[in-house]
Amino acid sequence: MKTTKRNPWAWIPTLYFAQGLPYVAVMTISVIMYKRLGISNTDIALYTGWLYLPWVIKPFWSPFVDIIKTKRWWTLTMQWILAVALAGIAFTIPTSLFFQLTLAIFWLVGFTSATHDIAADGFYMLALTEHEQSLYVGIRSTFYRVATVAGQGLLVIVAGLIETNSGLTPLSVEVNADPQVEWSAADMTAIASTEADMQGEMQFITPVQSLNVSTKAPEEVTVDVNGEAVSMPFKAYAAMMRDSVKHSNERNGFTAAEAKTVAKAETASAKVEGPGAFTTWVRDMFGEEREPYTERNNNIAIVGLRLNKKPAPGEEIVLNVTHKSGDQSIKLEQAALSTRFVFNENNWDRTAWLYYEVDHKLQNKVSASFEGASGNIPMAWLTVFAVLSAFFFIVAAYHSWALPRPASDGLNEAGTSASSIFKEFFETFRTFFQKPQVWVAVAFMLLYRLPEAQLVKLINPFLLDPIDKGGLGLTTGQVGLVYGTVGIIGLTIGGIIGGIVAAKGGLKKWLWPMAWSMSLTCLTFVYLSYASAPSLLTVNICVFIEQFGYGFGFTAYMLYLIYFSEGRHKTAHYAICTGFMALGMMLPGMAAGWLQETIGYRHFFIWTMICCAATIGVCAFLKIDPNFGRKK
């Protein structure tokens, strides 16, 4: 077989960018698209929740990728299939059975993408020397993350632009939150029609395009109920107003009522009163002492809107309202309420309602703009998936030339008969569990990230929770900057630097510094939990250090998976390793929330430092070739 060598920069960035996009399309873009096309939250959660399954079970068919054909063949074939499948999603979106058809194709995309992951990771190990694998491990992770950002951001923006520019003039609403503004009750008076409204082109109207609201909410409010003044806690008032918005929008046909599929579960959970004996014991023994938390309420705002003209008989005009710009601490409620409204000849002159929440932790005046688009929604998402399809046609054609042909990526010697293939299939798992130090390796895969597996679940809640609950009391907008921007930068830089130094000194030399980096940087959250009102700059620095340390330390983890997978079935063995990697993140993360609520943030972060002993401990038992990853 003819062998070729290419500069790794010619194919690693594009290969791992192509690896990240289908995952984002299946797990994130599909949810946004279905929401915009009017699928209920119940159906979205039920049917898209299972789409993660292909990535969970991919180790079980990874041996076939190792046994049949070459990794290069599998990589290119999966990219061509993805190109066709994504085109299939685009073409089925305008059909009447779009939900069933696109969901079926998303399953195909999921299994194809998971298989592409197996092949691409195997090809990476075959096409590069050990030194090059160390050097580029941070680069491949970076371009995978770039793909997730591009998928969740750029492609969704493209869909939004098409929606905005293909329909009626976009509706614009600006909400200004100011601590100096006096609180006033939300107004749900229907928008009255006037002759002036009926003039000109069809458009959406709202009497309040710029709304000023207070950041503070009172403890109790007095409202008029059937002509009587009734006092109630603000929390009950906000819930009552949210229900009024929901029922009004459903009654007027703007939104569809959600099916109640969890009523039995809610009834069952309601019967459980108070914590169990074990939780109580843990709290008494290890919980921190803190003054009882007094819950504060977010303020609310309600805005009405409607059409100014009657649509043609049978015509439907769909309006989707989203956050356009400004501080995310002013939130358009979407969890319990729909922000997709259907206007027709029967309800055009009735009022549809938007429900906003204002973060009570805001100390300064901020504003946020919201935009309602009524363009061609199917065309918008058809375009997105057509672009994705075109990208994979281009990248598959490019990789047909750019991917090298390493001599080690030859056809498997086991034969092509059914019996030999299945014999080799079971041989793959047998040889994995017969590797030297296999159980030490499995322990490393499960325990090396034990502190981070718990920490990552509670970083955002810690940043958001109020100070008297143990958190830092940041607003939603501040958290977006701290963790969504500064944290990602730290994680990426740490990964790239980790790859560079490992390529110079080898995995064995850098294992301990990376393990300590993974562990000691958790101290930043211990510090933040005990610090007295740390500044936003201090929080940013601490999150950057912790995420940099994780990115730097994670390099050793990825390189060890590559090192342990070396051998005849390296592609399948690496896929099995990634299965243990996912398990090592999933299991500790499941218990992290319960533990934090039981013992408090301070003691939880101290616990994560104690768990660092597992990270350091498993490294002590590893036996690694000193030359692995180092330039020879």
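Any value given below was found using the heavy atoms of this structure, including those in side chains, with hydrogens, waters and symmetry copies removed. Note that the coordinates shown come from a computational prediction; the quantities given were computed from them, not determined experimentally.
Here the side chains of Phe254 and Arg350 are in contact, with some heavy-atom distance below 4.5 Å. Here the side chains of Phe143 and Gln19 are not in contact, with every heavy-atom distance at 4.5 Å or above. Contact annotation: the side chain of Lys324 never approaches that of Phe370 to less than 4.5 Å [non-hydrogen atoms, C-beta and beyond]. Under the 4.5 Å side-chain criterion, counting only non-hydrogen atoms from C-beta, Leu307 is in contact with Phe204. Two residues are said to be in side-chain contact when any heavy atoms from C-beta on lie closer than 4.5 Å; Gln547 and Ile459 meet this criterion. Taking 4.5 Å as the limit, some side-chain heavy atom of Leu103 sits within range of a side-chain heavy atom of Tyr34. Under the 4.5 Å side-chain criterion, counting only non-hydrogen atoms from C-beta, Trp55 is not in contact with Thr578. The side-chain heavy atoms of Val24 and Ile29, taken from C-beta on, include a pair separated by under 4.5 Å.
Of the N and O atoms on the side chains of His116 and Gln79, at least one donor lies less than 3.5 Å from an acceptor on the other residue. Residues Thr115 and Trp74 have side chains that never bring a donor and an acceptor to within less than 3.5 angstrom of each other. In this structure, a donor-acceptor pair under 3.5 Å is absent between the side chains of Tyr574 and Ser62.
Within the 3.5 Å criterion, the main-chain N or O of Leu128 finds a donor-acceptor partner in the side chain of Gln133. Of the possible polar contacts, one joining the Asn344 side chain to the Asn347 backbone as a donor-acceptor pair under 3.5 Å is found. The closest donor-acceptor contact from the side chain of Thr148 to the backbone of Arg145 lies under 3.5 Å. Remark: side-chain polar atoms of Asn308 are paired, donor with acceptor, to backbone N or O of Glu201 under 3.5 angstrom. The backbone N or O of Gly304 sits less than 3.5 Å from a side-chain atom of Thr206, completing a donor-acceptor pair. Without hydrogens or angle criteria, Arg449 side chain to Phe554 main chain gives no donor-acceptor distance under 3.5 Å. Distance alone, capped at 3.5 Å, places no donor-acceptor pair between the Glu371 side chain and the Thr322 backbone. Not a single donor-acceptor pair under 3.5 Å links the side chain of Ser329 to the backbone N or O of Asp359. Of the possible polar contacts, one joining the Thr92 side chain to the Ile89 backbone as a donor-acceptor pair under 3.5 Å is found. Side-chain atoms of Ser166 come within 3.5 Å of backbone N or O of Asn376 as a donor-acceptor pair.
For Lys570, the NZ atom sits in a packed shell: over 12 heavy atoms of surrounding residues, nucleotides or ligands are nearer than 6.0 Å. Atom OH of Tyr398 sits in a crowded spot, with more than 12 heavy atoms from other residues, nucleotides or ligands closer than 6.0 Å. Applying the 6.0 Å contact sphere to CE of Met586 captures more than 12 heavy atoms from other residues, nucleotides or ligands. Heavy-atom contacts from other residues, nucleotides or ligands closer than 6.0 Å to CZ of Phe91 number 12 or fewer.
Here the shortest heavy-atom pairing between Ala572 and Thr428 reads CB-CG2, 3.4 Å. Taking both residues in full, the closest heavy atoms of Thr255 and Phe341 are given as CG2-CD2, 3.9 Å, listed atom of the first, atom of the second, then distance. Considering every non-hydrogen atom in both Tyr124 and Ile562, the closest pair reads CE2-CD1, 4.0 Å. Considering every non-hydrogen atom in both Lys58 and Ala114, the closest pair reads CD-O, 3.9 Å. Between His399 and Arg72, the closest heavy-atom pair is O-NH2, 3.6 Å. Of all heavy-atom pairs between Pro22 and Leu82, the closest is CG-CD1, 3.8 Å.
Atom CD1 in Ile93 sits 9.0 Å away from atom CD1 in Ile105 (nearest 0.5 Å). Rounding to the nearest 0.5 angstrom, the gap separating the OG1 atom in Thr112 from the CG atom in Leu86 is 9.0 Å. Going from atom CZ of Phe392 over to atom CH2 of Trp80 covers 12.0 Å, rounded to the nearest 0.5 Å. Atom CE of Met125 and atom OG1 of Thr571 lie 5.0 Å apart (nearest 0.5 Å). Annotation: the span from Met581 atom CE to Met558 atom CE amounts to 5.5 Å, rounded to 0.5 Å. Between atom CD1 of residue Ile330 and atom CD of residue Glu174 there is a gap of 8.5 Å, rounded to the nearest 0.5 Å.
Ring planes of Phe106 and Phe385: perpendicular class, angle over 60° (limits at 30 and 60°). Ring geometry for Phe99 against Tyr47 counts as perpendicular: the plane angle is over 60°, on a 0 to 90° scale with 30° as the lower cut. Note on ring orientation: taking the six-membered ring where Trp is involved, the planes of Trp61 and Phe111 are tilted (angle from 30° to 60°).
Within the 6.0 Å centre-distance limit, the rings of Trp11 and Phe123 are counted as a close aromatic pair. For Phe391 and Phe17, the gap between ring centers is short of 6.0 Å.
Each of Leu491, Val543, Ile497 was evaluated against Phe548; a single residue qualifies, Ile497, per the side chain to side chain contact (heavy atoms under 4.5 Å, CB included) test.
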Fill in: Verdict with reasoning, Glu452 to Glu546, per side-chain contact (heavy atoms from CB on, under 4.5 Å)
CA-CA 10 Å; Glu452 190 69 25; Glu546 192 277 330; 2.6 Å; yes

Discussion item. Please determine whether side-chain contact (heavy atoms from CB on, under 4.5 Å) holds for the pair Met78 and Ile81, giving the CA-CA distance in whole Å, both sets of side-chain angles, and the decisive distance to 0.1 Å.
Written reply: CA-CA 5 Å; Met78 294 305 105; Ile81 293 175; 3.7 Å; yes

Practice prompt. Report the C-alpha distance between Ile39 and Phe98 in whole Å, list the side-chain angles of each, state the deciding distance to 0.1 Å, and finish with yes or no for side-chain contact (heavy atoms from CB on, under 4.5 Å).
Written response: CA-CA 11 Å; Ile39 304 300; Phe98 78 91; 3.8 Å; yes

Item to complete: Decide side-chain contact (heavy atoms from CB on, under 4.5 Å) for Asn298 and Lys331; before the verdict, give the C-alpha distance in whole Å, the side-chain angles of both, and the deciding distance to 0.1 Å.
Response: CA-CA 10 Å; Asn298 292 332; Lys331 184 180 70 172; over 6 Å; no

